[in-house]
Amino acid sequence: MLHFSPKSSVLSPSDPSLNFKGLGMATVRNLKIKTSSCKRIVKELHSYEKEVEREAAKTADMKERGADAYDLKQQENVLAESRMMIPDCRKRLEASLADLKGTLAELEEGNEKEGPEFEDARSTIIEVEKLFQTTEA
């Protein structure tokens, strides 16, 4: 919580609630957060991909059965919206991966290299890079 002095609206640097240590610096906690973020976006991407498969199958089934043109059009719109989410999710994953790599590199430069958080981050980076390689091929 930020405290303002009653006589001015300027924060006092001596305020104990302010912690300026670590601002702009990578921490192990930040590494854990960024690793979790990458993992969450990977799950989200897989979820969208499965949704597109389901919706495409449903659309094909509706076409086979000769469904009403209006219903078919609505289903095609649902499918199109699902497909639009994948590129957006990939962009967020790319940004999250770059952020994770930067944080890991910054911590490694500071001679912090060991621990479960580092192994988790490295394995997540490898997993996401493999995901990008398989979808580009």
Using a 4.5 Å cut-off on heavy atoms from C-beta on, say whether the side chain of Leu131 contacts that of His46. yes
Give the minimum heavy-atom separation between Glu117 and Leu31, together with the two atoms involved. O-CD2, 3.8 Å
Testing Arg92, Arg90, Lys91 one by one against Asp88 for a salt bridge (Lys or Arg N to Asp or Glu O under 4.0 Å), which residue passes? Arg92
Approximate separation, where rounding is to 0.5 Å, of Leu79 CG and Thr59 OG1: 4.5 Å
Can we say Lys130 and Glu127 salt-bridge, meaning some charged N sits less than 4.0 Å from an Asp/Glu carboxylate O? no
Go through the steps for Val128 and Leu100 under the test side-chain contact (heavy atoms from CB on, under 4.5 Å), then give the verdict. CA-CA 11 Å; Val128 172; Leu100 175 60; over 6 Å; no
Lys43: partners by side-chain contact (heavy atoms from CB on, under 4.5 Å), with sequence neighbours left out: none
Could you grab the distance from atom CD of Glu114 to atom CD of Glu108, nearest 0.5 Å is fine? 9.0 Å
Could you measure the distance from the CG atom of Leu104 to the OG1 atom of Thr35? Nearest 0.5 Å is fine. 8.0 Å
Among the clusters formed by ILVMFWY side chains lying less than 4.5 Å apart, do Ile125 and Phe132 turn up in the same one? yes
Here the gap from Leu97 atom CG to Lys34 atom NZ, rounded to the nearest 0.5 Å, amounts to 12.0 Å
How close do Cys38 and Leu93 get, heavy atom to heavy atom, and via which atoms? O-CD1, 3.8 Å
Among Ile, Leu, Val, Met, Phe, Trp and Tyr joined by side-chain contacts under 4.5 Å, find the other residues sharing a cluster with Met62 and list them by chain and number. Leu72
Under 3.5 Å, side-chain donor or acceptor atoms of residues 50-58 against the rest of the protein: list the pairs with distances, not counting sequence neighbours.
unit_1, atom_1, unit_2, atom_2, d
Glu51, OE2, Ser82, OG, 2.8
Glu55, OE1, Gln75, NE2, 2.6

For the CD atom of Glu106 and the OG1 atom of Thr27, what is their distance to the nearest 0.5 Å? 9.0 Å
Can you measure from SG (Cys89) to CD (Glu94) and round to the nearest 0.5 angstrom? 10.5 Å
